[in-house]
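Quick caveat, the model's predicted, so the values are computed rather than measured. The sequence lines fix the lettering, A, B, ..., with proteins before strands; numbering per chain opens at 1. These values consider heavy atoms only, across backbone and side chains, with no hydrogens, waters or symmetry-generated copies.
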Amino acid sequence: MAEVLVYVDHVDGAVRKPTLELLTLARRIGEPVAVALGNGAADTAAALAEHGAVKVLTHDAAEYADYLVVPKVDALQAAVAAVSPAAVLVPSSAEGKEIAARLAVRIGSGIITDAIDLEAGDEGPVATQSVFAASFTTKSRVSKGTPVITVKPNSAAVEAAPAAGSVEALDVTFGALATGTKVTGRTARESTGRPELTEAAIVVSGGRGVNGTENFAIIEALADSLGAAVGASRAAVDAGWYPHTNQVGQTGKSVSPQLYIANGISGAIQHRAGMQTSKTIVAVNKDAEAPIFDLVDYGVVGDLFDVVPQLTEEINTRKG
Amino acid sequence: MSLRIVVTVKYVPDATGDRHFADDLTVDRDDVDGLLSELDEYAVEQALQIADEAEDAEISVLTVGPEDAKDALRKALSMGADKAIHVEDDDLHGTDAIGTSLVLAKAIEKAGYDLVISGMASTDGTGGIVPALVAERLGVPQVTLLSEVSVEDGVVKGRRDGDAASEQLEASLPAVVSVTDQSGEARYPSFKGIMAAKKKPVQSWDLSDLDIEAEDVGLEGAWTAVDSATERPTRTAGTIVKDEGEGGKQLAEYLAGQKFI
Ligand SMILES: Cc1cc2nc3c(=O)[nH]c(=O)nc-3n(C[C@H](O)[C@H](O)[C@H](O)COP(=O)(O)OP(=O)(O)OC[C@H]3O[C@@H](n4cnc5c(N)ncnc54)[C@H](O)[C@@H]3O)c2cc1C
Ligand SMILES: Cc1cc2nc3c(=O)[nH]c(=O)nc-3n(C[C@H](O)[C@H](O)[C@H](O)COP(=O)(O)OP(=O)(O)OC[C@H]3O[C@@H](n4cnc5c(N)ncnc54)[C@H](O)[C@@H]3O)c2cc1C
């Protein structure tokens with residue numbers, strides 16, 4: 001069977017969920033061969049094998065942390081040369097898309113970004129994309145070269161499928177461009193202990209209606225009662241009430257959880273672009289005419305300062 | 001020495017309009033008004049600020065698009081860019097991201113550059129990959145997705161806010177930069193700017209000016225093929241209740257029924 005390269009997103013050896021989803025999708029079109037780079041690369045092998053990787057190609061070098069994007073492209077290109085895969089799959093993070101893009105140019109291939117599903121087709125893998133703020137669904141193929149496809153988080157349910165997962169060292173030679181953009185400093189983000197926004201099963205968001213930094217405690221309390229991630233609209237972020245890393249929408253994160261709860265958010269097109277593919281959508285808004293209500297499965301027209309705390313309390317009571 | 005800045009700007013269908021596909025599965029441009037991709041206004045703004053700091057700088061704005069794409073160039077010129085380049089050719093219809101990057105890279109090389117500035121993503125394709133593609137083709141560093149950018153002594157520095165960390169980056173010119181909408185509010189064109197824009201030069205190039213073969217771009221030459229596009233069914237109307245004191249409890253009941261609690 002044809003081999004499919006899967007680029008591994010991991011933190012010091014801990015594999016992130018979108019990669020496991022990619023392995024599940026990769027098995028539909030071939031045998032997954034994973035490429036893990038950087039610190040802890042070899043430690044990813046067990047998790048990857050458990051989810052279907054027949055082989056794990058690893059390489060570590062200081063360049064991966066010290067320079068932007070290009071060293072990883074050099075490595076992935078080396079993996080493509082070694083394996084001659086039927087496709088290359090990369091998680092659709094900001095960095096993942098850039099790695100995939102440069103790789104595509106180098107190997108003379110087309111690229112599809114932000115796929116939300118993938119299946120085998122007569123002429124190679126067929127990717128589903130959700131476009132124009134999720135108002136259209138398209139099916140596309142790469143028609144020249146080795147398909148390079150980036151896939152959004154939450155695009156498939158993770159399935160275990162034990163495979164060999166034998167670790168092999170990847171031979172990488174960095175090119176002159178690899179050290180072009182130096183990372184001169186790095187400030188790590190503090191963990192909130194809440195789930196990762198793009199990967200969370202439930203997202204609770206707050207918008208301009210939340211009206212202040214302190215009031216976001218109400219949103220956080222609801223999120224915590226549900227084990228959810230916290231999101232925010234750009235209006236809330238621009239006002240400085242919540243960090244930009246939590247912004248949901250066109251220029252923030254795009255989320256596709258089982259449940260999305262929008263509080264004090266009107267539902268502008270740019271916000272919808274980031275949350276419209278959520279399975280179940282709920283909104284609390286005091287304006288019955290707010291466009292967000294066109295999207296909802298369940299909506300409450302009311303003041304969030306009344307509704308949200310009551311909801312949180314009720315959830316906590318029910319949980320006992 | 002003069003700092004030559006090229007800002008890439010895309011002409012896109014208005015996101016608040018009713019966007020859809022034409023019969024050949026390319027973007028239907030006839031039914032929706034086009035405009036300068038809002039996220040490219042941030043790129044123009046940063047170019048203007050960098051030029052202000054430089055001893056001597058010249059800003060060219062570059063678009064690849066149909067006749068009407070001149071509107072996007074006019075907007076950028078009215079914000080304060082010095083001149084514009086329009087790559088226009090009937091054979092470009094249906095070009096994908098790989099093809100677009102080829103055309104942009106050739107045009108940027110022909111124009112001459114020290115710094116390329118792009119938006120973080122277009123508001124239609126939203127790929128967010130063109131800056132990386134162009135950097136790869138030009139063989140220069142990419143310093144992308146910056147929320148802060150500056151240029152001094154031939155070095156571009158910036159801050160990239162990622163999920164796990166905020167990174168400080170630097171690269172020597174020539175380089176490709178892309179900026180996010182966190183980089184700073186874009187200015188509105190002044191009346192004077194709008195009047196001045198009318199007199200600024202707009203150069204038009206076609207594929208032959210750039211030594212690009214028609215079969216390497218357009219729908220036929222694309223590296224990707226769209227097989228189908230279906231409109232998402234409108235969501236069936238949900239249940240909407242008015243809070244009369246029990247709204248939170250009613251919502252909890254709904255969530256429990258859906259097994260979220
Ligand atoms: C290029 C571009 C990119 C953008 N990207 C994004 C993006 O990524 N994400 C994003 O969100 N936006 C984005 N925007 C901004 C977007 O257009 C909207 O301005 C924004 O989403 C509005 O946020 P909001 O819904 O919180 O605020 P508003 O539109 O002001 O809505 C606030 C809502 O809260 C309700 N409300 C007020 N008080 C209460 C209360 N006490 N109880 C209940 N309800 C209350 C109001 O009825 C209203 O509906 C972008 C815009 C542009 C131009
Ligand atoms: C809904 C939709 C989905 C698509 N999906 C794909 C896909 O998966 N693969 C694919 O290869 N193509 C795809 N395309 C085509 C692709 O959008 C265009 O080829 C486009 O010109 C480049 O990609 P982008 O719009 O995503 O740009 P982005 O990479 O999002 O744009 C980033 C920046 O690049 C610059 N830029 C981009 N295009 C131009 C231009 N024409 N002129 C000047 N500057 C520009 C701007 O500075 C912009 O801010 C899609 C198009 C649409 C409308």
Side-chain angles (χ1 to χ4, degrees), chain A residues 11 68-69 94 97-98 101-102 104-106 109-113 126 132-145 177 180-189 202 226 244-245 250-251 259 269 280 282 293 295-302 306-308 310-311 314-315 318-319, chain B residues 15-16 19-21 39 96-98 101 120 123 126-129 132-133 136-137 139-145 161-171 180-182 222-232 235 238-243 247-252 254 256 258 260-261:
Chain A
V11 183
L68 195 73
V69 175
K97 289 204 280 191
E98 294 189 329
R102 297 188 76 129
V105 170
R106 287 200 194 172
S109 295
I111 176 168
I112 292 173
T113 54
V126 177
F132 289 159
S135 58
F136 277 84
T137 303
T138 58
K139 288 198 189 275
S140 308
R141 286 172 293 118
V142 167
S143 47
K144 289 188 199 170
L177 271 180
T181 310
K182 189 163 179 47
V183 181
T184 55
R186 184 176 278 127
T187 318
R189 227 166 272 296
I202 303 180
L226 291 162
H244 178 251
T245 38
Q250 186 184 43
T251 55
L259 172 64
I269 184 80
T280 299
V282 168
F293 284 125
L295 296 183
V296 299
D297 297 285
Y298 196 94
V300 180
V301 179
D306 298 327
V307 179
V308 173
Q310 189 181 63
L311 170 62
E314 185 68 18
I315 293 168
R318 283 173 187 248
K319 284 197 305 190
Chain B
T16 58
R19 295 178 295 180
H20 52 265
F21 289 88
L39 293 168
D96 65 359
I98 294 280
S101 70
M120 62 184 286
T123 57
T126 69
I129 57 174
L133 291 170
E136 179 67 34
R137 289 194 184 275
V140 302
Q142 68 171 82
V143 196
T144 43
L145 299 171
D161 293 323
D163 282 348
S166 178
E167 293 170 330
Q168 298 291 335
L169 304 172
E170 70 176 57
T180 73
D181 58 339
Q182 299 290 303
W223 280 254
T224 50
V226 182
D227 290 335
S228 70
T230 30
E231 194 157 8
R232 191 185 165 87
R235 293 181 88 100
T239 311
I240 297 187
V241 300
K242 195 171 177 326
D243 177 37
K249 287 187 181 156
Q250 285 168 284
L251 182 45
Y254 170 77
Q258 301 293 312
F260 288 115
I261 309 175

Assert top hit (heavy-atom pairs under 4.5 Å, partner chain B, pool Leu259(A), Val69(A), Ile112(A), Val282(A)) equals Leu259(A)

Chain A contacts, top residue of Val143(B), Ile98(B), Asp163(B), Ile261(B) (heavy-atom pairs, under 4.5 Å): Asp163(B)

Per-residue contact mode, Leu295(A) against chain B (heavy atom under 4.5 angstrom): both

Any donor-acceptor pair under 3.5 Å from Gln168(B) side chain to Thr184(A) backbone: no

In terms of heavy-atom pairs under 4.5 Å with chain A, the winner among Asp96(B), Thr180(B), Asp161(B), Thr230(B) is Thr230(B)

Which heavy atom in Arg189(A) sits nearest to a heavy atom in Gly162(B), and how many Å separate them? NH2-O, 2.8 Å

Under 4.5 Å from a heavy atom of chain B, the part of Val308(A) involved: neither

Hey, is the main chain of Ser228(B) close enough, under 3.5 Å, to the side chain of Thr138(A) for a donor-acceptor pair? no

Any donor and acceptor pair, going by atom type alone, linking the side chain of Thr181(A) with main-chain N or O of Ala171(B) inside 3.5 Å? no

Go through Val296(A), Leu68(A), Val142(A), Ile315(A) and name the one with the most non-hydrogen pairs under 4.5 angstrom from chain B. Leu68(A)

Taking only Lys NZ, Arg NE, NH1 and NH2, and the carboxylate oxygens of Asp or Glu, determine whether Arg318(A) and Glu314(A) approach each other closer than 4.0 Å. yes

Counting only non-hydrogen atoms closer than 4.5 Å, does Ile111(A) touch chain B with its backbone (N, CA, C, O), its side chain (CB onward), both, or neither? both

Max heavy-atom pair count under 4.5 Å with chain A, selected residue of Thr144(B), Thr16(B), Thr126(B): Thr144(B)

Residue selection (most heavy-atom pairs with chain B, distance under 4.5 Å) from Ser109(A), Ala188(A), Ser143(A): Ser143(A)

pair Glu231(B)-Ser135(A): side-chain heavy atoms closer than 4.5 Å: no

How far apart are the C-alpha atoms of Gln250(B) and Tyr254(B), what are their side-chain angles, what is the distance that settles it, and do they pass the side-chain contact (heavy atoms from CB on, under 4.5 Å) test? CA-CA 6 Å; Gln250(B) 285 168 284; Tyr254(B) 170 77; over 6 Å; no

Looking at Thr113(A), Thr245(A), Ile269(A), Val105(A), which makes the most heavy-atom pairs under 4.5 Å with chain B? Val105(A)

Going through the checks in order, is the side-chain contact (heavy atoms from CB on, under 4.5 Å) test met by Val241(B) and Tyr298(A)? CA-CA 8 Å; Val241(B) 300; Tyr298(A) 196 94; 3.5 Å; yes

Which atoms of Asp297(A) are under 4.5 Å from chain B, going by heavy atoms: the side chain, the backbone, both sets, or neither? both

Carboxylate-amine/guanidinium proximity below 4.0 Å for Glu170(B) and Lys182(A): no

Highest number of heavy-atom pairs under 4.5 Å with chain B: which of Ser140(A), Gly302(A), Gly145(A)? Ser140(A)

Non-hydrogen atoms of chain B under 4.5 Å away: do they reach the side chain of Glu98(A), the backbone, both or neither? both

Heavy-atom pairs under 4.5 Å with chain A - which of Ala222(B), Ala256(B), Ala15(B), Ala225(B) has more of them than the others? Ala225(B)

